[in-house]
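A short worksheet on the structure shown next.
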2 protein chains.
Amino acid sequence: MATTLRDIARKAGVHPSTVSRILHNNQTVKISDATRKRILAIAKELDYQPNELARAFRLRKTQTIGLIIPDISNSFFSGISRSIEMSSYNAGYNLVVCNTNENIEKELKYVRNLVNRGVDGLIIATCQNNEKHLLDLREKKIPFVLIDRYFSNFKANAVFSDNKSSAFDAVKTLHKLKHERIAFLRGRPEISTIQLRLQGYLEGLAACGIAQDPELIAGKSFTAEDGYEATKMLLSLASPPTALLTSGNRIIIGALKAIKEFNIKLPDELSIIAYTDDLFTPFLACPLTTISHPLSEMGQKAVDLLLHEINNTNDNATTQIEVKTIFSMRESICELTTCRKTENV
Amino acid sequence: MATTLRDIARKAGVHPSTVSRILHNNQTVKISDATRKRILAIAKELDYQPNELARAFRLRKTQTIGLIIPDISNSFFSGISRSIEMSSYNAGYNLVVCNTNENIEKELKYVRNLVNRGVDGLIIATCQNNEKHLLDLREKKIPFVLIDRYFSNFKANAVFSDNKSSAFDAVKTLHKLKHERIAFLRGRPEISTIQLRLQGYLEGLAACGIAQDPELIAGKSFTAEDGYEATKMLLSLASPPTALLTSGNRIIIGALKAIKEFNIKLPDELSIIAYTDDLFTPFLACPLTTISHPLSEMGQKAVDLLLHEINNTNDNATTQIEVKTIFSMRESICELTTCRKTENV
DNA sequence: ATTCTGAGGGCAATCGATTGCGCCAATCTA
DNA sequence: TAGATTGGCGCAATCGATTGCCCTCAGAAT
């Protein structure tokens, strides 16, 4: 059995409360220096390790943060998680990681589970559809921060990126290169991130005087398979797109597979701007022009926000932080006329 | 405040113990069906959620697994973590994820921390150097499973891959293509995984009648930077390697950067076999011939082992599971003579 | 009529740490 | 010198759930 406060107290001939006060440097009650030193010595001798479970139970504070994300194996989330874990660790918190696989039922279960386990706060990349659980958290006064995705009809602490303007800029960039048939491979339409990118995309088209074409908006999930299927569909259109904006680390992988199968040359026959955070992009057959995220900044800011709320429970203000995506120009986009020429060679 | 057993008991006019027995279907004491139904109804009405913290404290069982890995943002570990989390969830366990950044001090701290928090078991990708903490775990009878890395002088539950034979085979494959100057970009030498791969590499050379050249064994950490520096060094040798075996998802990224800078053509001027689990490898400028891991299988088996030990605390046997890596032939290796010819064009 | 049995459920200790309150003795103040 | 203060520490309740043991009462057995 591990040493407890009682063991130390017994050995020292004092009361456990005294030991507790000494070990946690509680100043509300005075303890003589002699006793203090004696207790500390005994604690060290017995290699006392506080039972954090008992503490947590008593104090109603677990020093634990719950992280709910769709998929830790997606480099966007694993990058953010890494940063969140580091920041949490530095602040003395542990991190419980939960994958929802974009399944709202699982998300709800996880939230309840984590609440029952008494996490001090939650960071959530919600799969949307439903914000009841968040209202519930608020009612229970359990701090939480949304990351990447949020609800427009529901103000909460949140960290996300400049989805709309980055998509808008991407379209403009492509239009400057003379592209007009620009497809958007979006991912899950329910996600706020995606809706904003779609908005940026549409407004971009409008700003460039390009008519919308619903056929060019494709995809319904974030999987590589969906990216693959959607790209095949796009490339099979009577009038296929000359440029592609893809949204999601896995989607572009599926898209590349389809492009390879169709034997389409990048960027000559198709320009691509991809939202992705994978590190391999510079070394691809056609190095991708990408929009990536400041993952470590996002994670850190999320933890900062959460800790602030944990430590200032009375402060009901919410903060929304928008971080800037990083546009990396590489070789996967080129001017349309050039492309056509190449095509004719 | 959340509803407690007491609340239900009070409302039903019974003792909390009765409620507890009903809710957890404890059969050691008989409860009338009428009471049972009444209590269940009240529990539902009050939306009773057990305080898992209190349960954990009382039962000395947290339904939590600790996962200690070097870096969740490395796709090898994020893939395994994903699988571990899913298996844990299915078994009713939560997962606390900890990144050590290959720092043994941090690993020690984390182990102690998780033990103090009462995790039911641990899965550890140790950064090696030291196994004292594992002996300590064993003494405290806390179940744990090593993953990817283990200690040869210390039998424990472990899941790892066929490092030695895969490296051996890689060398043979390269030798069949007439390569004799085969470099090994290893990563952290302390890691058992690396030592085994090195052994396989050396035995492969021996089997092929190739003399060892210490110059061709490079690298000292798993970072992209180290991969970059080590590759530059290799490429600057008086007699540079004609083939490269890289070990680690990040290392190959650095290597590719160096190769690009040196303007070396793959595979003509350099053949590469890379240990990597990244999904982009098929789409690279030169699609990489890779050795990858069955991540999901590894995670699942680790959890299975751990749960077995958790549920059979008296069973002191340990199990070592070796999984097979996946060799994917792509375009980054070619016959040396061909290469030389290409070089002369 | 008395004893026995088992169904049904209450009692209270326990897990380990924390903390408001109270107590005693020594020292200080007036 | 009596009263006040304070340093130093103990007491016991508490957090919520669990569980071994005990109690009661009705019906069965003798």
Side-chain angles (χ1 to χ4, degrees), chain A residues 1-40 42-43 46-64 112-113 115-120 140, chain B residues 1-40 42-43 46-64 112-113 115-120 140:
Chain A
M1 263 343 227
T3 346
T4 69
L5 284 187
R6 263 183 178 63
D7 298 331
I8 300 180
R10 199 156 22 220
K11 183 146 186 173
V14 300
H15 196 268
S17 59
T18 304
V19 182
S20 170
R21 289 193 248 261
I22 291 172
L23 261 35
H24 289 285
N25 219 1
N26 184 323
Q27 304 287 359
T28 62
V29 166
K30 305 266 184 185
I31 308 282
S32 74
D33 233 42
T35 311
R36 180 180 309 276
K37 277 183 185 149
R38 194 156 47 94
I39 300 297
L40 288 175
I42 297 181
L46 298 183
D47 187 30
Y48 171 72
Q49 299 288 335
N51 180 329
E52 296 293 349
L53 212 52
R55 290 199 74 202
F57 173 49
R58 172 66 226 250
L59 297 176
R60 302 179 160 285
K61 187 113 183 15
T62 51
Q63 295 292 123
T64 299
R112 202 167 13 173
N113 177 277
V115 168
N116 292 345
R117 282 160 183 274
V119 293
D120 297 333
K140 289 182 176 151
Chain B
M1 261 343 227
T3 342
T4 68
L5 283 188
R6 263 185 179 61
D7 299 330
I8 300 180
R10 198 155 25 221
K11 183 146 184 173
V14 300
H15 196 269
S17 60
T18 304
V19 182
S20 169
R21 290 184 171 110
I22 292 173
L23 262 36
H24 289 285
N25 218 1
N26 185 323
Q27 302 289 359
T28 63
V29 166
K30 306 263 182 185
I31 308 282
S32 73
D33 233 42
T35 311
R36 181 181 307 278
K37 278 183 185 148
R38 194 157 48 93
I39 300 297
L40 287 176
I42 296 182
L46 298 183
D47 186 31
Y48 172 72
Q49 299 287 337
N51 181 327
E52 297 291 351
L53 213 53
R55 290 199 73 202
F57 173 49
R58 171 65 226 250
L59 298 176
R60 303 178 160 286
K61 186 112 183 23
T62 51
Q63 295 292 123
T64 299
R112 202 167 13 177
N113 176 277
V115 168
N116 292 344
R117 282 161 183 272
V119 294
D120 297 333
K140 289 180 178 154

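Quick caveat, the model's predicted, so the values are computed rather than measured.
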### Nearest-angstrom distance from the residue atom CG of A:Asp7 to C1' of C:dC15
13 Å
### Message
Within the structure provided, determine whether A:Thr4 and A:Asn51 are in side-chain contact (heavy-atom separation under 4.5 Å).
### Response
no
### Task
For D:dG16, take OP1 and OP2 only and decide whether either is under 4.0 Å from a side-chain N or O of B:Tyr48.
no
### Message
Any base atoms under 4.0 Å from B:Leu53, or only sugar-phosphate, or nothing? Heavy atoms, all strands.
### Response
nothing
### Task
Could you state the atom-to-atom distance from CZ of B:Phe57 to P of C:dT18 in whole Å?
11 Å
### Task
Starting from C1' on D:dG16, measure out to CZ on A:Arg55 and report it in whole angstrom.
19 Å
#### Entry: Pairs flagged by salt bridge (charged side-chain N to carboxylate O under 4.0 Å, His left out) wherever residues 11-22 of chain B is involved - sequence neighbours left out
B:Lys11-B:Glu45
## Note on the structure
Comparing nearest nucleotides in DNA chain C, the 5'-proximal residue of the pair A:Val29, A:Ala2 is A:Ala2
#### Entry: Integer-rounded Å distance: C:dG9 P and B:Asp33 CG
10 Å
### Task
Scan B:Thr28 against the nucleic acid and name what it touches under 4.0 Å (heavy atoms): base, sugar-phosphate only, or nothing.
nothing
### Query
Any side-chain N or O of B:Ser32 less than 4.0 Å from the OP1 or OP2 oxygen of C:dA7?
no
### Message
Any non-hydrogen side-chain atom of B:Thr62 less than 4.5 Å from a side-chain atom of B:Leu53?
### Response
no
### Query
Rounded to the nearest 0.5 Å, how far apart are CG of B:Leu5 and CZ of B:Arg10?
11.5 Å
### Summary
To the nearest angstrom, the CG-C1' distance between B:Leu59 and D:dA17 comes to 7 Å
### Min side-chain heavy-atom separation B:Arg112-A:Gln49 under 4.5 Å
yes
### Query
Do other residues, nucleotides or ligands put more than 12 heavy atoms under 6.0 Å from the NZ atom of B:Lys61?
yes
### Query
Can you tell me how far P of D:dC15 sits from CZ of B:Arg6, to the nearest Å?
7 Å
### Query
OP1 or OP2 of D:dT18 less than 4.0 angstrom from a side-chain nitrogen or oxygen of B:His24, does that happen here?
yes
### Query
For B:Arg58 and C:dA12, what is the distance between atoms CZ and P respectively, to the nearest whole Å?
16 Å
#### Entry: Euclidean distance, atom CD1 of residue B:Ile39 to atom P of C:dG8 [Å, nearest integer]
14 Å
### Query
Near DNA chain D, which residues from residues 12-21 of chain A have a heavy atom under 4.0 Å away?
A:Gly13, A:Val14, A:His15, A:Ser17, A:Thr18, A:Arg21
### Task
Would you tell me whether B:Arg117 and B:Asn113 have side-chain atoms, one donor and one acceptor, within less than 3.5 Å of each other?
yes
